[in-house]
Structures are given as structure tokens and as C-alpha cells.
Number of protein chains: 2
Amino acid sequence: MVETRDSLFRALADPTRRALFERLCEHGEQTVGALTADAGVSQPAVSKHLAILRQAGLVIDRQQGRQAHYSARPAALAPLADWTGRMTRFWQARFDDLDDLLGRMDQ
Amino acid sequence: MVETRDSLFRALADPTRRALFERLCEHGEQTVGALTADAGVSQPAVSKHLAILRQAGLVIDRQQGRQAHYSARPAALAPLADWTGRMTRFWQARFDDLDDLLGRMDQ
DNA sequence: GTCTTCCATAACCATATGGCTATCTATCGG
DNA sequence: CCGATAGATAGCCATATGGTTATGGAAGAC
């Protein structure tokens, strides 16, 4: 679970990888060639990034002949949203405690 | 804007840093010494991580005598939540388009 | 069958990253 | 004033990371 989160955060830490993922979210399924055309890095670099995104569950690939079609799996972002929510809630809870304390002191 | 996002994702990519941030969210303000005691790495390492978190806006520090008190700023997570939401919405939009297309084809 | 094309993998390289110890500065306690 | 403590910084090192070119292997094109 924690390792899932770790691979997620790690995968999204690189701007080139984020750009690939964003493109797939925005424009849907793409071949490696199409992604390479706009990535600004070499085709092997794109392949490596895609492999990392796939390991993190952020993309899936579909082989069709000699082409590999990749698409985004935004559902994989869920743990990230969960974590963010949890952190915010922790913070909020302490804030509420403070409110409570101040309320008691007021009496 | 994009650099903000980049420094955010980068800052959260490291597990030791995430643990520091989580601790601050959960238990509120802490001194460097207190954080070091549970971090599993040396005090200089903690200081470096805190500096990176601070640059990303995730924590703020308050100097009091010779102690530095750090606390979390969960509001800094907002760009992350925004980005996640945007990615999901992109994907959803294409899904809706598909629905729409299928609907038309149905007629 | 032969030549391309598409993508993954291999091998390599430069730099970034995260850790350490040592040290410096500032503050506190005596 | 002097020693001790808190934390930041400096300097160093090993490894991780992201990039490249070269190559391999499978599927189309001819």
C-alpha cells in the first residue's frame, strides 16, 4: 500500500513523465511514436518513462501488430487523492481540537 | 505555476520527506530535534529535507531561541488536488464524448 | 524472402539525489 | 565568560536517475 503510494509519487515526480500522462489523459490512447513526436526526448527515453508509468499503474498498453497503444488509467491517482485528503483532515482535526479547547476556555 | 507543481511533486517524491510532512500534519508543530528522533536519518539530513519542503511551501518554520519549530501547510497541496482533478476530468470528458457518440449511433 | 518500421532493451554517461561526518553560528545555562 | 546544545551549512561519497546511441526482434510492406 505504502509502496504503491511511493511508486505513484515517484512516477509523477518527473516532468517528462507527467507530460506523457497528461497527454494521454487529455487526448486518449496514443502510440509510442505519436508520444515521442511531442515528448522532446528520444524514443527509448519515452519507452522507459512509459514502463515506469505502467509499473505505477498509471497507464496500460495494448499491443496491436507492431504498435503499442498506451492509455491513461486516472483511477490510479486515487491513492494520491486519499493521501492528500488524509493529510488535510489530520490538520483540520487538530484545528478543531484547538477550536474546542478555545471554546472550553471561553466558558 | 508549472514550477510550483514540479517542486511539489518532487518534494513529495521522497519517502523520508513525506514521513516528515505526515508527522507534522498529524501531530502539529515540531522542533528539528523531535523530528530527527523519529526520522531514522541524521539531523543534517532532516534539516535538508525540511529546507526542500519549505521551498515547496509545504512547511513553515518559526524560530524561537535556538530552536526551529516547523509546521505543515496542507494548503500547499491544493495544486496537487487541482491537477489530479483536471486529469480525471479530461479522462471523464472523453468518456462522455464516447457516451455521446454511442448515443447518437444508437438513434 | 528482403527491407522497413515500430518499439523495447542494452550499454553507457553525466548529473542529481540522499546520505554521512565535520564544522560553524547562535543561544542557553552555569 | 565558558561549556553545552540546537540547527544549518559545507564537503564528501555512493547510488539513482534521466538521457543518449546502438542493437534486437517482431510485424508490415514490397
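The basis for the numbers below is simple: all heavy atoms, side chains too, and nothing from hydrogens, waters or symmetry mates. Order of the sequence lines fixes the chain letters, A, B, ..., with proteins taken first and strands second; residue numbering starts at 1 for each chain.
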Handout entry: Helical bend (five base pairs per end, nearest 10°) for the helix from C:dG1-D:dC30 to C:dG30-D:dC1
Key =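 Here the helix ends are tilted 20° relative to one another.
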Could you check how far [atom1] of [X] sits from [atom2] of [N], rounded to whole Å?
X       : N      : atom1 : atom2 : result
A:His69 : C:dC6  : NE2   : P     : 11 Å
B:Gln55 : C:dG18 : CD    : P     : 13 Å
A:Tyr70 : C:dC7  : OH    : C1'   : 8 Å
A:Gln63 : C:dC7  : CD    : P     : 9 Å
B:His49 : C:dG18 : NE2   : C1'   : 6 Å
A:Lys48 : C:dT9  : NZ    : C1'   : 10 Å

Atom [atom1] of [X] and atom [atom2] of [Y]: how far apart are they, to the nearest 0.5 Å?
X       : Y       : atom1 : atom2 : answer
B:Ser7  : B:Leu58 : OG    : CG    : 8.0 Å
A:Leu12 : B:Leu8  : CG    : CG    : 12.0 Å
B:Arg5  : A:Arg18 : CZ    : CZ    : 6.5 Å

Exercise for the section: Report which part of the nucleic acid B:Ala45 touches: base, sugar-phosphate, or nothing (heavy-atom distance under 4.0 Å, all strands). Expected result: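 Sugar-phosphate, no base atom in range.
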Handout entry: Proximity to DNA chain C (any heavy atom under 4.0 Å), residues of residues 24-42 of chain B only
Key = B:Val41, B:Ser42
Handout entry: Proximity to DNA chain C (any heavy atom under 4.0 Å), residues of residues 12-20 of chain B only
Key = B:Asp14, B:Thr16, B:Arg17
Practice task
Name all residues meeting the salt bridge (Lys or Arg N to Asp or Glu O under 4.0 Å) criterion together with A:Arg73; count only those two or more places apart in sequence or in a different chain, and write none if there are none.
Solution key: none
Handout entry: Under the salt bridge (Lys or Arg N to Asp or Glu O under 4.0 Å) test, residues paired with A:Arg10 that sit two or more places apart
Key =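 By the salt bridge (Lys or Arg N to Asp or Glu O under 4.0 Å) rule, A:Arg10 matches A:Asp6.
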Mind listing the N/O atom pairs, protein and nucleotides 23-30 of chain C, below 3.5 Å?
| unit_1 | atom_1 | unit_2 | atom_2 | d |
| --- | --- | --- | --- | --- |
| C:dT27 | O2 | B:Arg66 | NH1 | 3.3 |

Indicate every side-chain donor-acceptor pair of residues 32-43 of chain A with a distance under 3.5 Å to a residue at least two apart or in another chain.
| unit_1 | atom_1 | unit_2 | atom_2 | d |
| --- | --- | --- | --- | --- |
| A:Thr36 | OG1 | A:Val32 | O | 2.8 |
| A:Asp38 | OD2 | A:Arg23 | NH1 | 3.1 |
| A:Asp38 | OD2 | A:Arg23 | NH2 | 3.2 |
| A:Ser42 | OG | A:Ala45 | N | 3.4 |
| A:Gln43 | NE2 | A:Ser47 | OG | 3.1 |

Practice task
Answer yes if A:Trp91 and B:Val59 sit in the same cluster of Ile, Leu, Val, Met, Phe, Trp and Tyr residues linked by side chain heavy atoms under 4.5 Å apart, and no otherwise.
Solution key: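 No, A:Trp91 and B:Val59 fall in different hydrophobic clusters.
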Problem - For B:Ala13, all residues meeting side chain to side chain contact (heavy atoms under 4.5 Å, CB included), sequence neighbours excluded - result: A:Ala13
Practice task
Using the test side chain to side chain contact (heavy atoms under 4.5 Å, CB included), find all partners of A:Gln67 that sit at least two apart in sequence or belong to another chain.
Solution key: A:Thr31, A:His69
Handout entry: Range on DNA chain D touched by chain A, heavy atoms, distance below 4.0 Å
Key =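 Under 4.0 Å from chain A, the extent on DNA chain D is D:dT17 to D:dG28.
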Fill in the blank from the handout: Heavy atoms of B:Ala72 and B:Phe21 approach each other most closely as CB-CE1, 3.8 Å
For residues 48-57 of chain A, please give each side-chain donor-acceptor pair under 3.5 Å, one per line with the distance, not counting sequence neighbours.
| unit_1 | atom_1 | unit_2 | atom_2 | d |
| --- | --- | --- | --- | --- |
| A:His49 | ND1 | A:Arg17 | NH1 | 3.2 |
| A:Arg54 | NH1 | A:Asp61 | OD2 | 3.4 |
| A:Arg54 | NH1 | A:Tyr70 | OH | 3.3 |

Could you pull out every donor-acceptor pair under 3.5 Å between side chains of residues 77-84 of chain A and any protein atom, sequence neighbours left out?
| unit_1 | atom_1 | unit_2 | atom_2 | d |
| --- | --- | --- | --- | --- |
| A:Trp83 | NE1 | B:Glu22 | OE2 | 2.8 |
| A:Thr84 | OG1 | A:Leu80 | O | 2.9 |

